[in-house]
Number of protein chains: 2
Amino acid sequence: MIAAQRLDPPVRQIDMADGPQLDATRLWQCDFLSREEQQALRSAVLPAKSVRPHTDLVREADRAGSLFIVVDGWACRYATTSAGARQLSAVLVPGDVGNLDTLMFDRLDYGVRTLTQAMIVALPRDRALALGTRYPGIGQAFTWLALMENAVLGKWALSLGRRSSIERLAHLLCELSVRLGAEKDNQSSFAFPLTQEQLADMLGLTPVHVNRTIQQLRAADLIVNVHRAMMLPDVARLRYLGGFDPAYLRVDRPARANIF
Amino acid sequence: MIAAQRLDPPVRQIDMADGPQLDATRLWQCDFLSREEQQALRSAVLPAKSVRPHTDLVREADRAGSLFIVVDGWACRYATTSAGARQLSAVLVPGDVGNLDTLMFDRLDYGVRTLTQAMIVALPRDRALALGTRYPGIGQAFTWLALMENAVLGKWALSLGRRSSIERLAHLLCELSVRLGAEKDNQSSFAFPLTQEQLADMLGLTPVHVNRTIQQLRAADLIVNVHRAMMLPDVARLRYLGGFDPAYLRVDRPARANIF
DNA sequence: CGAATATTTGAGGCCTATCAAAGTGAGTGG
DNA sequence: CCACTCACTTTGATAGGCCTCAAATATTCG
């Protein structure tokens with residue numbers, strides 16, 4: 001076992017006092033939103049709620065009356081087979097929307113569940129629709145989000161279908177590292193609250209095999225993880241192993257499209 | 001080997017004379033489009049082109065100047081690992097859009113390629129954006145499409161991550177059967193031009209294993225396929241095997257949302 | 001009718017699953 | 001501050017599903 005320094009506080013403390021902390025929300029990192037639109041969104045959401053880990057915000061096949069936006073903590077979108085096996089179709093980190101399609105579909109075909117203690121903000125469907133109608137930038141942002149989710153999910157399909165367990169894990173860690181904005185030079189470190197069982201449900205593996213795969217990555221000095229924190233000592237090498245190219249995440253310069 | 005009757009003409013003949021045959025296009029099966037909007041779309045697209053099988057419409061990481069809409073034949077969206085393995089992230093049948101995210105992203109992170117001889121219509125990006133701005137229904141339709149693709153891809157992830165080869169194949173056939181509108185009572189039959197290699201790239205399997213899996217399905221009397229045609233003698237039983245619930249395809253009554 | 005493409009079959013091996021149990025760490029209550 | 005519990009991680013042994021490599025057969029199309 002590698003003796004590692006502590007990297008980050010294990011789980012960020014949740015501050016109930018600040019109200020809906022939407023400032024970090026990815027929803028307007030896509031530079032579609034004017035200051036006015038940001039304000040409109042901020043005042044349309046319901047007060048943030050603290051939700052315990054492993055709690056369904058929406059169950060599979062439920063109706064959802066609101067869009068759920070993750071403000072702090074981690075959550076996921078998941079589906080289950082008739083045999084009861086679970087597969088995640090998205091990890092949601094602060095700024096992500098859990099159920100975008102509630103905008104247009106009555107019923108979900110997946111569940112949304114917290115992975116950790118989390119702060120969740122709800123945006124009632126009617127208000128979301130009204131905002132989309134009234135503010136063009138918000139409508140664009142919704143579309144942008146839907147397309148981004150598609151891009152990420154497409155890469156997950158590639159991993160699930162065609163990559164070995166170690167490649168999958170490497171790719172996922174690279175993805176999260178970028179999405180969390182945790183990279184600096186060739187290193188990255190971030191709070192990593194997932195259990196190996198949750199990782200297994202993302203990667204389409206068993207928890208036991210995830211454990212063994214993590215050990216391989218550790219042995220190769222590609223990750224250092226202790227205390228719910230993750231450190232990537234050599235991002236370039238991890239990317240190479242996972243076949244990861246960050247272009248699909250469009251972090252550098254989101255396209256500015258004039259639509260709607 | 002089961003001796004089966006011929007079910008359908010192997011590949012539909014392509015009629016070049018009718019111009020852009022967009023009438024079957026899913027783009028306006030979501031009942032968002034007024035007659036005027038349909039007309040606007042129809043006159044915005046470039047003349048249909050016939051494209052040979054296994055031809056890239058856009059290569060991975062290419063810029064695309066147009067949205068590509070499949071009018072006849074089949075195509076796919078795909079990505080490849082650095083080792084060269086290919087995984088499809090979507091099958092495109094008549095009515096599907098190949099590269100919706102060209103609306104907002106400069107560069108694709110996947111390729112679009114024909115699987116069969118196909119008729120393809122191009123909708124220049126500028127025109128698509130303009131249409132989305134001018135006609136609210138068209139903007140809605142784009143969003144609806146993006147969300148639908150997400151729903152389908154989410155189920156693919158579930159299959160890839162958590163289902164056995166026979167369940168995956170069963171689920172895929174059920175999906176296609178519904179999307180092609182080929183079901184009647186408990187039976188379904190449709191032209192099925194995919195090679196086993198192409199199937200393998202959808203299912204995350206090897207061609208050899210796909211072959212053996214098909215044989216299992218045949219032995220169980222769940223499929224009858226000859227001459228590039230597919231017949232499902234007992235849809236209910238196939239659905240049960242694949243854990244397929246058609247709700248996520250939203251074929252019955254698309255929600256009518258008032259957005260944008 | 002012949003070449004190219006696609007399907008089918010066989011044998012053997014590897015990666016990941018399964019089942020079971022031990023070890024570790026965090027939180028709780030006495 | 002120390003048992004105690006619960007959840008998570010780790011380890012071991014075995015099995016099985018799918019892959020790999022190779023070649024034969026069938027089908028399509030010029």
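Chain letters run A, B, ... following the sequence lines, proteins first and then strands; every chain starts at 1.
- With rounding to whole Å, B/R228 atom CZ is found 7 Å from D/dT28 atom P.
- When atom types are taken as modelled, the side chain of A/D101 and the backbone of A/L108 share no donor-acceptor pair closer than 3.5 angstrom.
- Where A/Q196 and A/R162 meet DNA chain D, the nucleotide closest to each residue was compared, and A/Q196 sits on the side nearer the 5' end.
- A/T206 comes within 4.0 angstrom of a base, heavy atoms only.
- Closest to the side chain of A/S164, from the set C/dT7, D/dA22, C/dT16, is C/dT16.
- Rounded to whole Å, atom P of D/dT9 lies 12 Å from atom CD of A/Q215.
- Remark: the backbone N or O of B/L203 is paired with a side-chain donor or acceptor of B/R168 at under 3.5 angstrom.
- For B/R212 against D/dG17, no side-chain N or O and base N or O form a donor-acceptor pair under 3.5 Å.
- Nearer the 5' end of DNA chain C, as judged by each residue's closest nucleotide, is the contact made by B/H54, out of B/H54 and B/V208.
- Across all strands, B/I214 comes closer than 4.0 Å to no nucleic acid atom at all (heavy-atom distances).
- Phosphate contact (OP1/OP2 of D/dC18, side-chain N/O of B/S165, threshold under 4.0 Å): present.
- With rounding to whole Å, A/H209 atom NE2 is found 6 Å from C/dC15 atom C1'.
- With hydrogens and angles left out, the side-chain atoms of A/Y248 and A/N150 include no donor and acceptor closer than 3.5 Å.
- A straight line from CG of A/L203 to C1' of C/dT16 spans 13 Å, rounded to a whole angstrom.
- Within the 4.0 Å cut-off from OP1 or OP2 of D/dC18, not a single side-chain nitrogen or oxygen of B/R163 is found.
- Rounded to whole angstrom, the span from the CG atom of B/L160 across to the P atom of C/dT16 amounts to 15 Å.
- Atom-to-atom, CG of A/N211 to P of D/dT11 comes out at 7 Å; the value is rounded to the nearest Å.
- No donor-acceptor distance shorter than 3.5 angstrom exists from the side chain of A/T55 to the backbone of A/T114, with no hydrogens or angles considered.
- Panel note: side chain A/R179, backbone A/V91; a donor-acceptor pair is recorded below 3.5 Å.
- In this structure, B/F192 atom CZ and C/dT7 atom C1' are separated by 14 Å, rounded to whole Å.
- A/E197 has its CD atom 15 Å from the C1' atom of D/dT10, to the nearest Å.
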